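Remarks on the structure that follows.
The structure displayed is predicted, hence computed values, not measured ones.
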Amino acid sequence: MSPGRLVSLGGVILFLISFFVYLATQFSSKEYAVLYTDLELEDAKQIVMQLESSNVQYKLTKNGTEILVPADVVNKMRVETAELALASK
């Protein structure tokens, strides 16, 4: 094989490996849903403490005023944290 073909073959192989790694990470990552949005920072802090004590993964977005949790537990966590979210209202 000529050097040009070897480089092309190597590029194609590298692309395919990268593509399959990307697919694997996308399909293995959890889908997150909004638990609460437009929170005061103190309310967000209390809810995060509750999530951590329940060992629930979460993500903070919008400068800490929005909390995302895995979509499969969002309803359960809304019930468990409702008192904290309503306490400031």
Side-chain angles (χ1 to χ4, degrees):
M1 249 187 214
S2 69
R5 284 189 178 205
L6 286 175
V7 169
S8 296
L9 182 62
V12 169
I13 290 172
L14 182 62
F15 170 77
L16 288 174
I17 290 172
S18 299
F19 178 71
F20 286 118
V21 167
Y22 170 77
L23 285 179
T25 58
Q26 289 301 312
F27 286 119
S28 66
S29 64
K30 291 183 179 181
E31 182 179 335
Y32 281 77
V34 175
L35 180 62
Y36 292 108
T37 190
D38 297 326
L39 293 169
E40 297 293 326
L41 291 178
E42 187 60 36
D43 296 334
K45 178 182 172 185
Q46 291 178 357
I47 293 169
V48 164
M49 288 173 54
Q50 173 71 30
L51 293 173
E52 287 177 347
S53 70
S54 299
N55 292 322
V56 174
Q57 295 178 344
Y58 64 91
K59 292 181 183 179
L60 292 174
T61 59
K62 296 186 181 178
N63 294 323
T65 63
E66 182 175 81
I67 302 174
L68 306 174
V69 295
D72 59 335
V73 298
V74 70
N75 291 329
K76 177 184 176 200
M77 295 317 302
R78 279 192 185 133
V79 170
E80 289 185 18
T81 60
E83 182 180 315
L84 296 173
L86 293 175
S88 67
K89 304 285 182 206

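For the atom pair CD (E80) and OG (S53), the distance works out to 8.5 Å, reported to the nearest 0.5 Å. Atom NZ in K59 sits 10.5 Å away from atom NZ in K30 (nearest 0.5 Å). Taken to the nearest 0.5 Å, the CG atom of D43 stands 11.0 Å off from the OG1 atom of T81. For the atom pair CD1 of I67 and NZ of K45, the computed distance is 13.0 Å after rounding to the nearest 0.5 Å.
With hydrophobic clusters built from ILVMFWY side chains whose heavy atoms lie under 4.5 angstrom apart, L60 does not share a cluster with Y32. Put simply, Y36 and M77 are part of the same group of oily side chains (I, L, V, M, F, W, Y) that touch within less than 4.5 Å, one to the next. By the rule that hydrophobic residues join a cluster once side-chain heavy atoms approach within less than 4.5 Å of another member, V74 and V56 end up as members of one cluster. Under the 4.5 Å side-chain heavy-atom criterion for ILVMFWY residues, no single connected hydrophobic cluster contains both V79 and V69.
Looking at T65, its side chain does come within 3.5 Å of a backbone N or O of K62 through a donor-acceptor pair.
For the residue pair E66 and T61, a side-chain donor N or O sits within less than 3.5 Å of a side-chain acceptor on the partner.
Among V73, I47, L68, V48, the single residue meeting the side-chain contact (heavy atoms from CB on, under 4.5 Å) criterion with Y58 is V48.
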Is there a side-chain contact (heavy atoms from CB on, under 4.5 Å) between I13 and L16 once you walk through the steps? CA-CA 5 Å; I13 290 172; L16 288 174; 5.7 Å; no
